[in-house]
Every structure is written in C-alpha cells, then in structure tokens.
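Counting begins at 1 with the first residue of the sequence.
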Amino acid sequence: APPKAFVELLFNSDPTRAALPRIASYANRPVFDQDFRFLGPGWHSNAGVMVHGPDVEPVMPPLVEAERALCRLPCHLSRLLERFCFVANADVANTIGALVTGVLPTHFRQLGKPLILLDGNQPGVGKTLLARTFGVVLDGEDPRTIAFSADEEELNKRTCAILRGQPQSVLVFDNAKLTSGRPISSPFIESNSMAANVTLRILGQSLNIDRPNDMLWAITMNNTKTSPDLVSRGLHIRLKYEGRPEDRDFGDSNPIEYAMEHRAEILGELAGMVIRWNQAGRPMGDHCHRCRQWAGIIGGILQANGLPEFLTNLDEAAGEFNTELDELAALAEAAIKLN
C-alpha cells in the first residue's frame with residue numbers, strides 16, 4: 001500500500017478528484033441497474049455501480065403450484081426460510097419481497113421503499129434472526145443490530161455509529177418496545193427510512209454523515225402497537241409460535257449458517273425472479289401501498305414468480321399494529337355501554 005501521506009496528498013488534489021469516476025452505488029452482491037440489467041462483480045461505468053461480491057449465476061426453476069407459499073419457492077430460498085413460523089402465505093411473500101428489494105437498491109431511492117415491520121407473538125420466535133438473515137444474504141456478513149430507543153437523539157447516535165463502521169445493507173432496530181403500552185413511534189426512523197439520502201449529525205462534532213439510502217430498514221417487536229405513520233410505511237412480516245420459544249428447534253438448518261454457505265445460490269434465485277419478470281414484459285402489480293411504485297414493481301415480480309399473496313396482509317396487519325383503531329374500538333364499546 002502507498003504511504004498514507006501520499007494518499008492524502010493525492011486525494012486532496014482537485015484535478016485528481018475530478019478525474020476519478022464517481023461511484024453512485026456500492027453493493028456487496030450483484031444488483032440490477034435502472035434498466036433491470038444484471039450487474040455482476042466489478043465496476044459498471046454506465047450505471048456508476050461498483051459491485052464487490054460473489055459471481056452469481058441467475059436461475060429460474062420451473063414454477064410450482066402448491067397451497068403453501070414456502071413450497072412454491074426455489075430450492076435454497078425454501079430451505080432458508082422453512083423453519084420460520086410465518087403466520088400466513090402473505091408473510092412469506094413479503095419476506096421474499098424484502099429480499100428482492102435488496103437486489104434492486106438503486107431503484108427505490110427516489111421512489112421510496114417501506115420499513116420492514118417484523119412482529120412476533122412473543123419473544124424468541126425468530127424476528128431478529130430473520131432480520132439478520134436478510135443482512136447475511138445481501139452482504140455476506142452478520143449485521144450489527146441497533147437497540148431501539150425512544151430517545152431520538154440516542155437513536156441518531158446509535159445509527160451514526162453503525163453507518164460510520166463497516167458498510168451494511170440492513171439497519172435492524174431491535175426489540176422495539178415502550179413502557180405502559182404506549183405505541184412505537186419514531187420521527188427519526190419514519191423520515192430517514194424513506195428519504196433518498198440519509199443525513200445524520202455526528203454528535204459532538206460539526207460534521208454530518210451523508211450517504212445514499214440504498215439500505216433496508218427493519219424494526220423487530222413483540223405484539224407491539226405502532227403509530228399510524230409507521231403502519232402506513234410498513235412491510236408487515238408476522239411470526240407466531242404457540243408454546244415455549246425455547247423448545248423451538250431449527251435442526252441442522254440454522255438460517256445464518258445456511259445463508260453463509262449458500263449465499264451465491266440464494267442470490268441467484270432472487271436474480272432469477274427479476275429476470276423472469278423482465279422476460280414477461282415487466283407487468284406491474286396492482287397492490288396498494290403508500291410506496292406505490294415500489295409495490296407495483298415488487299408485486300409484479302412476485303406475481304410473475306407464483307407469489308400473488310404479496311401485501312395481502314396489509315389490512316389485517318394494520319389493524320393489529322395500529323393504536324388508533326384500538327382507540328376507536330374502545331370508544332365504540334364505551335358508547336354502546338352508555339346507551
């Protein structure tokens with residue numbers, strides 16, 4: 001490596017900086033450009049994309065008809081997710097939707113993408129494990145999680161620490177809960193998760209972190225109520241297990257280990273889904289969501305790959321998560337009793 005002083009001198013030169021190509025997007029896995037062309041490892045000057053990741057071969061296995069969404073997934077995605085206790089087919093489809101969003105990082109910066117809301121009926125059902133699995137698939141590394149805090153300044157500080165470290169594609173705000181049953185609400189997460197660029201103040205310094213928002217944002221929680229703004233921004237994935245969570249057994253198929261070992265194959269299956277949709281003429285889905293363009297593209301991709309249940313749990317999940325609906329129901333019950 002050249003001496004540090006020489007590197008600093010070189011990069012402090014305006015002509016040198018002007019001559020260097022500008023990286024618009026960086027990824028640790030193959031991705032797709034704005035025209036949905038598959039970009040493998042290396043520098044892609046036309047798109048301004050640098051990919052440092054495995055050499056992946058997209059695969060498009062035959063579509064399978066089955067009642068369970070897990071049985072319709074390609075081999076490695078099915079093995080990866082088979083031990084998670086999803087509530088319904090829609091939760092499986094939404095999980096695949098989150099992963100497909102991860103291989104299209106440049107497409108939704110301006111258009112907006114949802115915040116992943118991972119909810120379980122009790123602690124220990126695998127919410128954080130699933131969020132970490134997203135990170136291992138996309139980056140090849142187990143992501144560092146961020147302990148959720150109701151203190152917005154503290155949340156800013158913790159997020160800054162993550163972003164200043166080794167790059168990761170998934171921000172996991174873990175174990176969101178508040179005392180006295182108050183709803184989860186965070187203007188910090190609400191605004192930044194859907195922004196085109198993330199600009200955060202480094203506490204104690206007159207400096208900011210400014211980077212493209214090509215990350216997935218996820219919150220894990222247990223039977224937690226959220227603010228209406230978080231609900232409307234959410235991609236809902238629900239896990240449910242009846243019994244003691246400590247009795248659950250992932251057997252010899254630990255998702256983190258499986259994702260590490262078969263990462264290239266999993267990425268190949270996700271890429272194959274996008275390519276199948278491309279070859280079908282890119283039909284847009286008609287799924288309703290606040291992030292309309294995102295829902296149309298991801299919904300179209302999943303529909304073309306035999307997963308029509310994408311976002312079909314939106315109304316049900318919104319009813320479960322939204323505190324305003326609980327308050328209206330309580331008000332209606334009180335009014336009935338008075339009459």
By side chain to side chain donor-acceptor pair (under 3.5 Å) - contacts of Lys157 (at least two apart): Glu154
Evaluation steps, side-chain contact (heavy atoms from CB on, under 4.5 Å), between Val87 and Asn313: CA-CA 10 Å; Val87 171; Asn313 66 353; over 6 Å; no
Atom pair CD1 (Ile96) and CG (Leu270), whose distance is rounded to the nearest 0.5 Å: 6.5 Å
Value rounded to 0.5 Å, distance of CG in Leu239 from SG in Cys85: 5.0 Å
By ring-ring contact (aromatic ring centres under 6.0 Å, His included) - contacts of Phe173 (at least two apart): Trp217
Ignoring hydrogens and angles, write down the donor-acceptor pairs under 3.5 Å from the side chains of residues 303-312, residues two or more places apart or on other chains.
| unit_1 | atom_1 | unit_2 | atom_2 | d |
| --- | --- | --- | --- | --- |
| Asn305 | OD1 | Arg276 | NE | 2.8 |
| Asn305 | ND2 | Met273 | O | 3.0 |
| Asn305 | ND2 | Ile301 | O | 2.7 |
| Glu309 | OE1 | Arg72 | NH1 | 3.1 |
| Glu309 | OE2 | Arg72 | NH1 | 3.1 |
| Glu309 | OE2 | Arg72 | NH2 | 2.6 |
| Thr312 | OG1 | Glu309 | O | 2.5 |

Sequence neighbours excluded, every pair satisfying side chain to side chain donor-acceptor pair (under 3.5 Å) that has a member inside residues 48-69: Tyr26-His52
Pair Arg29 + Asp139, salt bridge at N-O below 4.0 Å: yes
Smallest separation among heavy atoms of Gln166 and Arg144, with atom names: O-NH2, 3.0 Å
Straight-line distance of Leu216 CG to Leu171 CG, nearest 0.5 Å: 9.0 Å
Modelled atom types, side-chain donor and acceptor of Asn213 and Asn192, under 3.5 Å: no
From Arg238, Lys240, His236, residue fulfilling side chain to side chain donor-acceptor pair (under 3.5 Å) relative to Asp91: Arg238
Interatomic distance, Leu115 atom CG to Arg233 atom CZ [nearest 0.5 angstrom]: 9.0 Å
Contacts of Arg132 that satisfy side chain to side chain donor-acceptor pair (under 3.5 Å) - sequence neighbours left out: Asp142
Euclidean distance, Leu77 CG relative to Arg79 CZ, rounded to 0.5 Å: 12.0 Å
Lys127-Asn175 side chain donor-acceptor pair, cut-off 3.5 Å: no
Set of residues satisfying ring-ring contact (aromatic ring centres under 6.0 Å, His included) with respect to His107, sequence neighbours excluded: Phe36
Contact summary for Val103 and Pro105, nearest pair of heavy atoms: C-CD, 3.2 Å
Of Thr133, Leu138, Val136, the residue whose pairing with Val170 passes side-chain contact (heavy atoms from CB on, under 4.5 Å): Leu138
